[in-house]
Amino acid sequence: MSKAAIAEMFARFQAANPNPETELEYASPYQLLVAVVLSAQATDKGVNIATRKLFAEAPTPEAMITLGEAGVTEHIKTIGLFRNKAKNVVALSYLLLERHGGEVPADRDALTALPGVGRKTANVVLNTIFRQPTMAVDTHIFRLANRTGLAAGKNVDAVEAALLRRVPKPYLLDAHHWLILHGRYVCTARKPACDRCLVRDLCNSRDKTDLPPPGSPDHV
DNA sequence: ATCCCGAGGG
DNA sequence: CCCTCTGGAT
């Protein structure tokens, strides 16, 4: 995708959705951090169902520790990888109190030092809470970037670096959420809805593609 | 490279 | 049945 095409792509995203936001439900930086940790290999919809109950009982790190690993597990059993996540949420809450006065640190190294928090989760927190121009590359953005030609890369780190180079600065703060939402609802993994894609004419996969071939049941 | 791991969609 | 979902730790 050319430089001009990329600028056009984000201009359209911005016009269609001036203030894109996460679909995770949270009432504090702490709750967003926990929700993002829980969202690994899970849908936002499923995470929200679990966190409604979880945050009602444990809205703060102190309450989460009191609830304990067994209590957390009960609330998040409907989410995949729940044993690891329950352990991480409690341990992370303990470390937030011990190292950061119970606050979420605005620092990538401090964030990734927490259990269950890797580079992608840290980037989401830095962007969503602290409004830093980070690019968190998840399954949606990795797929969409490579498919459309927005930013090619064999792994998430390469795609992140390419996006930071190619996305025009004025769009960088909101690019993450625009791309996530586009990937979730339009440029989906299996059966992309190209017929209602806002940037269809700019997409490399119009003629050279990893999409299902024309004529197949999955072709849109 | 492997494991973790439930819910929803097709 | 199989694939996908805002990955991280070993």
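Letters A, B, ... mirror the listed sequences (proteins, then strands); counts begin at 1. We use all heavy atoms of the structure for the numbers below, so side chains are in, but hydrogens, waters and symmetry mates are not.
- Nucleotide B/dG8 holds its C1' atom 15 Å from the CD atom of A/Gln41, rounded to whole Å.
- At the heavy-atom level, A/Ala136 lies nowhere under 4.0 Å from the strands shown.
- If you find the closest nucleotide of DNA chain C to A/Thr139 and to A/Gly118, the one lying nearer the 5' end belongs to A/Thr139.
- Salt bridge present: A/Arg12 and A/Asp201 bring a charged side-chain N and a carboxylate O closer than 4.0 Å.
- Among the protein residues, A/Ile141 comes within range of no part of the nucleic acid, since none of its heavy atoms lies under 4.0 Å from any strand.
- Of all heavy-atom pairs between A/Thr51 and A/Glu25, the closest is OG1-O, 4.3 Å.
- Of the residues in residues 77-97 of chain A, those with a non-hydrogen atom less than 4.0 angstrom from any atom of DNA chain B are A/Lys77, A/Thr78, A/Ile79, A/Gly80, A/Leu81, A/Phe82, A/Arg83, A/Asn84.
- Taking the salt bridge (charged side-chain N to carboxylate O under 4.0 Å, His left out) definition, one finds that A/Arg83 meets it with nothing, sequence neighbours left out.
- Regarding A/Asp138, its CG atom lies at a distance of 14 Å from the P atom of C/dT4, rounded to whole Å.
- Residue pairs meeting the ring pair (Phe, Tyr, Trp, His ring centres under 6.0 Å) criterion with at least one partner in residues 153-172 of chain A, sequence neighbours excluded, are A/Phe10-A/Tyr171.
- Comparing C/dC5, C/dG7, C/dC3 by their closest approach to the side chain of A/Ala189 singles out C/dC5.
- Listed by residue number, the members of residues 175-183 of chain A with any heavy atom below 4.0 angstrom from DNA chain C are A/His176, A/His177, A/Ile180.
- When heavy atoms are screened at a 4.0 angstrom cut-off, A/Leu114 is found touching the sugar-phosphate backbone but no base atom.
- For A/Thr121, a side-chain nitrogen or oxygen approaches OP1 or OP2 of C/dG8 to under 4.0 Å.
- A side-chain donor from one of A/Arg108 and A/Asn123 sits under 3.5 Å from a side-chain acceptor of the other.
- Within 4.0 Å of A/Val36, counting heavy atoms only, lies no atom of the nucleic acid at all.
- Per the geometry, CZ belonging to A/Phe142 stands 12 Å off P belonging to C/dC5, to the nearest Å.
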Could you go through residues 28-38 of chain A and list every donor-acceptor pair under 3.5 Å that involves a side-chain atom there, pairing it with any protein atom two or more places apart or in another chain?
{"residue": "A/Ser28", "atom": "OG", "partner": "A/Gln31", "partner atom": "N", "Å": "3.1"}
{"residue": "A/Tyr30", "atom": "OH", "partner": "A/Ser93", "partner atom": "OG", "Å": "2.7"}
{"residue": "A/Gln31", "atom": "OE1", "partner": "A/Ala27", "partner atom": "N", "Å": "2.9"}
{"residue": "A/Gln31", "atom": "NE2", "partner": "A/Pro59", "partner atom": "O", "Å": "3.3"}

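- At distances below 3.5 Å, not a single donor-acceptor pair connects side-chain atoms of A/Asn48 with backbone N or O atoms of A/Thr43.
- Of the P atoms belonging to B/dA7 and C/dG8, the separation is 22 Å, rounded to the nearest Å.
- For A/Thr43, the listed nucleotide lying nearest its side chain is C/dC5; candidates were C/dC5, B/dG10, C/dG7.
- The nearest pair of heavy atoms linking A/Val167 to A/Ala175 is CG1-CB, 4.0 Å.
- A search for ring pair (Phe, Tyr, Trp, His ring centres under 6.0 Å) contacts involving A/His75 returns nothing, not counting sequence neighbours.
- For the pair A/Val156 and A/Lys120, the minimum side-chain heavy-atom distance is 4.5 Å or more.
- At the heavy-atom level, A/Gly46 lies nowhere under 4.0 Å from the strands shown.
- In terms of phosphate contacts, A/Arg184 brings no side-chain nitrogen or oxygen within less than 4.0 Å of OP1 or OP2 of C/dT4.
- As judged by a 4.0 angstrom heavy-atom cut-off over every strand, A/Val156 is placed among residues making no nucleic acid contact.
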